[in-house]
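To keep things clear, I will list the structure first and then write my remarks on it.
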Amino acid sequence: MHVLISGGSGFLGNAFSREILARYRKQDKDMSVTWLTRDSSQAHPDEINMMTYDELATSDVSFDVILNLAGAGIADKRWSDERKEQLLASRIKPTQSILDFIARTSTKPKLLVSGSAIGWYGTQGDKPLTENSDYKEDFAHAMCQEWEDMALRATEYDVPVAIVRTGVVIHPNGGMVAKLLLPFKFGVGGQLGDGQQIMSWISRNDWVSAVIFIIEQHLANAKAAKYISEPVTDAMSLNEQALGSNVSNDRVLSDRTSNNNSLKTQNNTAAVVYNLTAPEPVTNHTFTKALGSWLHRPTVFTLPEFLLKLMFGEMSTLLIDGQKVLPKALLEAGYSFEHTTLKQALEKQNQ
């Protein structure tokens with residue numbers, strides 16, 4: 001299998017690359033990973049191939065799967081008008097480059113997995129949200145919607161698309177946890193506002209494993225569907241995750257997921273969405289206590305809501321407004337989470 005990744009050197013793309021290479025080599029299966037980059041001199045592991053966006057524009061290389069993760073960090077800076085434009089452009093431009101490649105290449109990828117975020121749902125408090133829930137209008141939703149709409153255009157070229165709406169990714173050595181380590185280690189970490197806002201999270205190990213699961217499930221389903229000459233128009237759930245599994249015709253027809261996580265496309269090319277979050281969201285208060293316990297530090301301080309709004313402006317909604325997003329489609333497809341509690345996510349992930 002040959003996988004092309006935009007955003008491959010990032011917090012998620014790097015971990016995905018290392019894990020899928022390790023898994024497939026352990027199984028003596030062919031696996032090649034290529035990172036899309038704007039800088040041909042970018043440092044990278046020896047086992048990773050590199051391709052610039054300019055090279056992609058003229059390349060005849062074929063890829064089995066494209067994983068589209070490129071995008072500036074939404075919580076890295078205050079949301080000025082200029083920053084909002086940067087956040088959107090950092091997602092749309094790489095996606096457009098991938099679409100141009102898909103349109104031009106004679107050998108289409110078997111699947112495009114494109115990133116998004118649970119921000120698509122907007123801030124809806126403690127209301128349970130699944131893949132077929134409605135949204136609330138705000139900046140995060142508008143940005144995610146435009147990003148998803150762009151990626152879904154791949155179906156116009158008969159390339160199936162899986163949209164992955166990602167929650168707060170937890171790992172001891174990066175992401176949100178890394179940004180909080182310093183204040184918590186100095187004993188000044190604490191809850192945000194009243195601490196009752198819901199945080200929908202996922203361990204990085206589970207994020208990586210879930211994306212591999214989605215890829216393998218789709219490729220196995222597509223292979224089985226081709227065998228019985230039946231078009232794949234929705235998500236199907238097979239317990240067999242390994243490619244080339246021996247699956248009977250009856251099994252393929254009966255193992256479709258009952259959850260409606262399919263998206264409508266003009267030509268009925270498969271398009272699905274998955275929430276990449278753990279099954280048990282927590283309040284900010286619970287997260288704060290778990291992080292303090294892991295670091296053996298007190299968590300007696302509280303940052304009041306008015307101060308967060310003063311410090312971060314509109315971006316403070318990420319900190320004080322909650323979302324209870326559940327991974328219904330992933331669970332119904334048969335994925336089993338490695339880390340279902342924050343304690344596990346902080347203590348038991350690979351370093």
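Values in this document were obtained by computation on a predicted structure and should not be read as measured data.
When the side chains of ILVMFWY residues are joined at heavy-atom separations under 4.5 Å, either directly or via intervening members, Val300 and Val188 end up in a single hydrophobic cluster. The hydrophobic clustering, which links ILVMFWY residues whose side-chain heavy atoms are closer than 4.5 Å, places Val168 and Leu303 apart. Phe312 and Met176 fall into different hydrophobic clusters, where Ile, Leu, Val, Met, Phe, Trp and Tyr are joined by side-chain heavy atoms under 4.5 Å apart, directly or via other members. No chain of hydrophobic side-chain contacts below 4.5 Å, direct or via other Ile, Leu, Val, Met, Phe, Trp or Tyr residues, connects Leu4 to Leu99. Cluster membership check: Trp207 shares its hydrophobic cluster with Leu21, using side-chain heavy-atom separations under 4.5 Å among Ile, Leu, Val, Met, Phe, Trp and Tyr.
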Worked check of side-chain contact (heavy atoms from CB on, under 4.5 Å) between Met1 and Phe63 = CA-CA 8 Å; Met1 189 195 306; Phe63 300 98; over 6 Å; no
task = Apply the test side-chain contact (heavy atoms from CB on, under 4.5 Å) to residues Trp294 and Lys343: give CA-CA distance (whole Å), side-chain angles for both, the deciding distance (0.1 Å), then the verdict.
result = CA-CA 7 Å; Trp294 174 59; Lys343 180 179 175 65; over 6 Å; no
ask   = Does the side-chain contact (heavy atoms from CB on, under 4.5 Å) test come out yes or no for Ile215 and Phe16, once each step is laid out?
value = CA-CA 12 Å; Ile215 291 171; Phe16 173 88; 3.9 Å; yes
query = What's the verdict on side-chain contact (heavy atoms from CB on, under 4.5 Å) for Val33 and Ile5, showing C-alpha distance, side-chain angles and the deciding distance?
reply = CA-CA 7 Å; Val33 173; Ile5 308 177; 3.7 Å; yes
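No hydrogens or angles considered: a donor-acceptor pair under 3.5 Å links the side chains of Gln96 and Asp100. Between the side chains of Ser203 and Asp206, at least one donor N or O sits under 3.5 Å from an acceptor N or O. With hydrogens and angles left out, the side-chain atoms of Thr299 and Lys289 include a donor and acceptor closer than 3.5 Å. Side-chain atoms of Ser209 and Arg23 include a donor-acceptor pair closer than 3.5 Å. A donor-acceptor contact under 3.5 angstrom links the side chains of Ser41 and Asp39, judged on distance only. There is no side-chain donor-acceptor pair under 3.5 Å between Asp54 and Thr52.
Within the 3.5 Å criterion, the main-chain N or O of Ala70 finds no donor-acceptor partner in the side chain of Arg91. Between the side chain of Gln344 and the backbone N or O of Thr341 there is at least one donor-acceptor pair closer than 3.5 Å. Looking only at distances, no side-chain donor or acceptor of Thr105 sits under 3.5 Å from a matching main-chain atom of Ile102. The backbone N or O of Gly125 lies less than 3.5 Å from no partner atom in the side chain of Gln197, so there is not a single donor-acceptor pair. A donor-acceptor pair under 3.5 Å is absent between the side-chain atoms of Gln266 and the main chain of Glu156, judged by distance alone. A distance-only check finds a donor-acceptor pair linking the side chain of Glu131 to the backbone of Ala329 [under 3.5 Å]. Put simply, the side chain of Ser59 gets close to the backbone of Val61: a donor and an acceptor are under 3.5 Å apart. Of the possible polar contacts, one joining the His218 side chain to the Lys110 backbone as a donor-acceptor pair under 3.5 Å is found. Checking side-chain atoms of Arg204 against main-chain N and O of Ile170 turns up no donor-acceptor pair under 3.5 Å.
Residues Ile92 and Glu146 meet the side-chain proximity criterion, which asks for heavy atoms closer than 4.5 Å. Residues Ile214 and Leu219 are not in side-chain contact: their nearest non-hydrogen atoms beyond the backbone lie 4.5 Å or more apart. In this structure, the side chains of Asp76 and Arg83 come closer than 4.5 Å at one or more pairs of heavy atoms. At least one side-chain heavy atom of Leu263 sits under 4.5 Å from a side-chain heavy atom of Leu152. When side chains are defined from C-beta on, Val177 counts as touching Leu291, because their heavy atoms get closer than 4.5 Å. For the pair Ile118 and Thr166, the minimum side-chain heavy-atom distance is 4.5 Å or more. Looking at heavy atoms from C-beta onward, Ile320 lies in side-chain contact with Lys309 at the 4.5 angstrom threshold. Taking 4.5 Å as the limit, every side-chain heavy atom of Gln196 sits out of range of all side-chain heavy atoms of Asn284.
Taking each heavy atom of Val161 and Ala154 in turn, the nearest pair found is CG2-CB, 3.8 Å. Residue Pro281 comes nearest to Ile198 through the heavy atom pair CB-CG2, 3.6 Å, listed as atom of the first residue, atom of the second, then distance. Between Ala151 and Leu112, the shortest heavy-atom contact is O-CD2, 3.7 Å. Scanning both residues, Phe337 and Thr277, for their nearest heavy atoms gives CZ-O, 3.2 Å. Nearest heavy atom pair, residue Trp201 against residue Ala345, reads CZ3-CB, 3.7 Å. Of all heavy-atom pairs spanning Ala271 and Thr265, the tightest one is CB-CG2, 3.6 Å.
One distance of note links CG of Leu342 with CZ of Phe287; it measures 7.0 Å at 0.5 Å rounding. Expressed to the nearest 0.5 Å, how far NZ of Lys179 lies from CG of Leu181 amounts to 12.0 Å. Note that CG of Leu129 and OG of Ser200 are 7.5 Å apart. Values are rounded to the nearest 0.5 Å. Between atom OH of residue Tyr335 and atom CG of residue Leu330 there is a gap of 7.0 Å, rounded to the nearest 0.5 Å. Within the model, atoms NZ of Lys93 and CG of Leu88 stand 10.0 Å from one another, a figure rounded to the nearest 0.5 Å. In this structure, OG in Ser116 is found 8.5 Å from OH in Tyr121, a value given to the nearest 0.5 Å.
Taking 4.0 Å as the cut-off between side-chain N and carboxylate O, Glu314 and Arg78 do not count as a salt-bridged pair. Ion pair Lys324/Asp126 not flagged as a salt bridge, since none of the NZ, NE, NH1 or NH2 atoms sits closer than 4.0 Å to an Asp/Glu carboxylate oxygen. In this structure, Asp64 does not pair ionically with Lys108, as no charged nitrogen and carboxylate oxygen lie closer than 4.0 Å.
In this structure, the side-chain hydrogen bond (donor to acceptor under 3.5 Å, both in side chains) partners of Asn49, at least two apart in sequence or on a different chain, are Ser32.
Within the cation-pi definition used here (under 6.0 Å to the ring centroid, within 45° of the axis), Arg165 does not qualify as a partner of Tyr274.
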Contacts under 3.5 angstrom, residues 135-143 side chains, donor-acceptor by atom type, not counting sequence neighbours:
unit_1	atom_1	unit_2	atom_2	d
Asp138	OD1	Ala140	N	3.3
Asp138	OD1	His141	N	2.9
His141	ND1	Trp120	O	2.5

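The neighbour count for Asn267 CG, taken as heavy atoms of other residues, nucleotides or ligands under 6.0 Å away, is above 12.
Checked against the 6.0 Å centroid criterion, the rings of Phe184 and Phe186 do not qualify as a close aromatic pair.
Residues in residues 1-17 take part in these side chain to side chain donor-acceptor pair (under 3.5 Å) pairs, two or more places apart or across chains: His2-Thr34, Ser6-Asn68, Ser9-Gln42, Asn14-Arg18, Ser17-Trp35.
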